[in-house]
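So the structure is just underneath, and the comments pick up after that.
We use all heavy atoms of the structure for the numbers below, so side chains are in, but hydrogens, waters and symmetry mates are not. Treat the numbers as computed from the prediction; the structure is a model and nothing was measured.
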Amino acid sequence: MQGPSRSDVAGLLGQLVARELPSASGLKAWDSFLRAHATLMRRLEVDLAQATGLALADFDVLAQLARAGGELRMTDLAARALISRSGMTRRVARLVEDGLVRRANADADARGVVVALTEAGVARLIETAPVHLRAVSELFVARLDDQELAALENALHKVTVDCTFG
């Protein structure tokens, strides 16, 4: 038995889209958002790794710790970095091996784990931040005017879902 033709499948998808997303502009905006996010993240990842040898996700962990004053509970770090707790545990283990962060038990709750920047982690952040920030400026900020940046921030704030990545 032969499957449906390409035009049948395209037509079926078109009907589903029309029923669930009647606004063509909504679908175009969604597609643009996904493409922008994917291409920007891929480019930022490759550029940072090539220039510094540091993965973008590792940079994000170091930056989140710095923004919080140098340390965070593991659960808070995972929420801020937008990755799962198990993914964060593996990433932190690698960063500990590299000497960029240290783990300690939380004072108030011996079951909790605190992750803190080491001096080497701060030095690595100082070395890599300018590279990353220049790329963010070049690939994103410089291409939009202040009004577009404000509108984009406002629009994305409206659709940001408050959830944790368990």
Side-chain angles (χ1 to χ4, degrees), residues 27-166:
L27 184 59
K28 287 179 183 177
W30 175 247
D31 186 58
S32 293
F33 167 75
L34 289 178
R35 289 182 183 285
H37 179 267
T39 58
L40 285 168
M41 296 307 291
R42 208 167 25 241
R43 177 77 182 270
L44 291 169
E45 174 74 40
V46 168
D47 288 355
L48 187 67
Q50 285 179 345
T52 70
L54 188 68
L56 184 58
D58 291 344
F59 173 83
D60 186 34
V61 169
L62 299 179
Q64 294 299 337
L65 290 169
R67 285 186 184 120
E71 67 179 40
L72 281 168
R73 290 178 65 96
M74 181 73 89
T75 52
D76 295 332
L77 179 57
R80 288 182 186 208
L82 303 178
I83 63 174
S84 70
R85 174 112 162 84
S86 62
M88 182 58 71
T89 300
R90 289 188 300 274
R91 183 159 304 283
V92 166
R94 286 193 304 273
L95 292 171
V96 167
E97 286 178 22
D98 293 344
L100 301 179
V101 301
R102 62 180 166 74
R103 294 169 55 122
N105 288 335
D107 292 336
D109 180 3
R111 294 175 298 159
V113 174
V114 171
V115 180
L117 282 169
T118 62
E119 286 185 35
V122 172
R124 191 76 163 111
L125 184 61
I126 290 169
E127 169 196 347
T128 56
V131 173
H132 177 66
L133 295 172
R134 279 192 296 269
V136 169
S137 177
E138 174 191 325
L139 298 171
F140 182 76
V141 177
R143 296 177 185 210
L144 303 169
D145 63 33
D146 288 344
Q147 185 177 352
E148 290 169 322
L149 289 168
L152 183 59
E153 179 185 7
N154 191 35
L156 292 175
H157 181 73
K158 288 179 181 181
V159 298
T160 299
V161 177
D162 184 23
C163 65
T164 57
F165 295 81

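Contacts of A29 classified as side chain to side chain contact (heavy atoms under 4.5 Å, CB included), with partners at least two apart in sequence or in another chain: none. With sequence neighbours excluded, the residues satisfying side chain to side chain contact (heavy atoms under 4.5 Å, CB included) with L34 are W30. Scored by the side-chain hydrogen bond (donor to acceptor under 3.5 Å, both in side chains) test, Q64 finds D60 as partners (sequence neighbours excluded). Looking at residues two or more places apart in sequence or on another chain, you find no side-chain hydrogen bond (donor to acceptor under 3.5 Å, both in side chains) involving N154. Under the salt bridge (Lys or Arg N to Asp or Glu O under 4.0 Å) criterion, D145 pairs with no residue at all, not counting sequence neighbours. Not a single salt bridge (Lys or Arg N to Asp or Glu O under 4.0 Å) links R67 to another residue, sequence neighbours left out. Listed by chain and residue number, R43 satisfy the salt bridge (Lys or Arg N to Asp or Glu O under 4.0 Å) test with D47 (two or more places apart in sequence, or in another chain). By the ring-ring contact (aromatic ring centres under 6.0 Å, His included) test, F140 pairs with no residue at all, sequence neighbours left out.
In this structure, the separation between CG on L139 and CE on M41 is 11.5 Å, given to the nearest 0.5 Å. Taken from CZ in R103 to OG1 in T89, the straight-line distance is 6.0 Å, to the nearest 0.5 Å. Distance CD/E148 to CZ/R143: 12.5 Å, rounded to 0.5 Å. Atom CZ of R42 is separated from atom CG of L56 by 13.0 Å, given to the nearest 0.5 angstrom.
The nearest pair of heavy atoms linking L125 to P130 is O-CD, 4.4 Å. For the pair V131 and L48, the tightest heavy-atom approach, listed with the atom from each and the gap, is CG1-CD1, 4.1 Å. The shortest heavy-atom contact between G99 and A120 is O-CB, 3.5 Å. The two residues E45 and A57 have their closest heavy-atom pair at OE1-N, 4.1 Å.
By the neighbour-count criterion of 12 heavy atoms within 6.0 Å, atom CG of D31 is densely surrounded, having more than that number from other residues, nucleotides or ligands. Atom CD of Q147 is surrounded by 12 or fewer heavy atoms from other residues, nucleotides or ligands within 6.0 Å.
Residue V115 forms a side-chain contact (heavy atoms from CB on, under 4.5 Å) with just one option from L95, L72, L77, and that option is L77. When each of V61, L65, L62 is tested with L100 by the rule side-chain contact (heavy atoms from CB on, under 4.5 Å), just one qualifies, namely L62.
Without hydrogens or angle criteria, T39 side chain to A36 main chain gives a donor-acceptor distance under 3.5 Å. When atom types are taken as modelled, the side chain of S137 and the backbone of L133 share no donor-acceptor pair closer than 3.5 angstrom.
For residues 37-78, every residue pair satisfying the ring pair (Phe, Tyr, Trp, His ring centres under 6.0 Å) rule, not counting sequence neighbours, is listed here: F59-H132. The salt bridge (Lys or Arg N to Asp or Glu O under 4.0 Å) analysis of residues 114-131, with sequence neighbours excluded, yields the pairs R124-E127. Among pairs with a residue in residues 90-102, those fulfilling salt bridge (Lys or Arg N to Asp or Glu O under 4.0 Å) read D58-R91, at least two apart in sequence or across chains. Judged as a ring pair (Phe, Tyr, Trp, His ring centres under 6.0 Å), not a single pair has a partner in residues 79-105 (not counting sequence neighbours).
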Original post:
What's the verdict on salt bridge (Lys or Arg N to Asp or Glu O under 4.0 Å) for R80 and D76, showing C-alpha distance, side-chain angles and the deciding distance?
Top reply: CA-CA 6 Å; R80 288 182 186 208; D76 295 332; over 6 Å; no
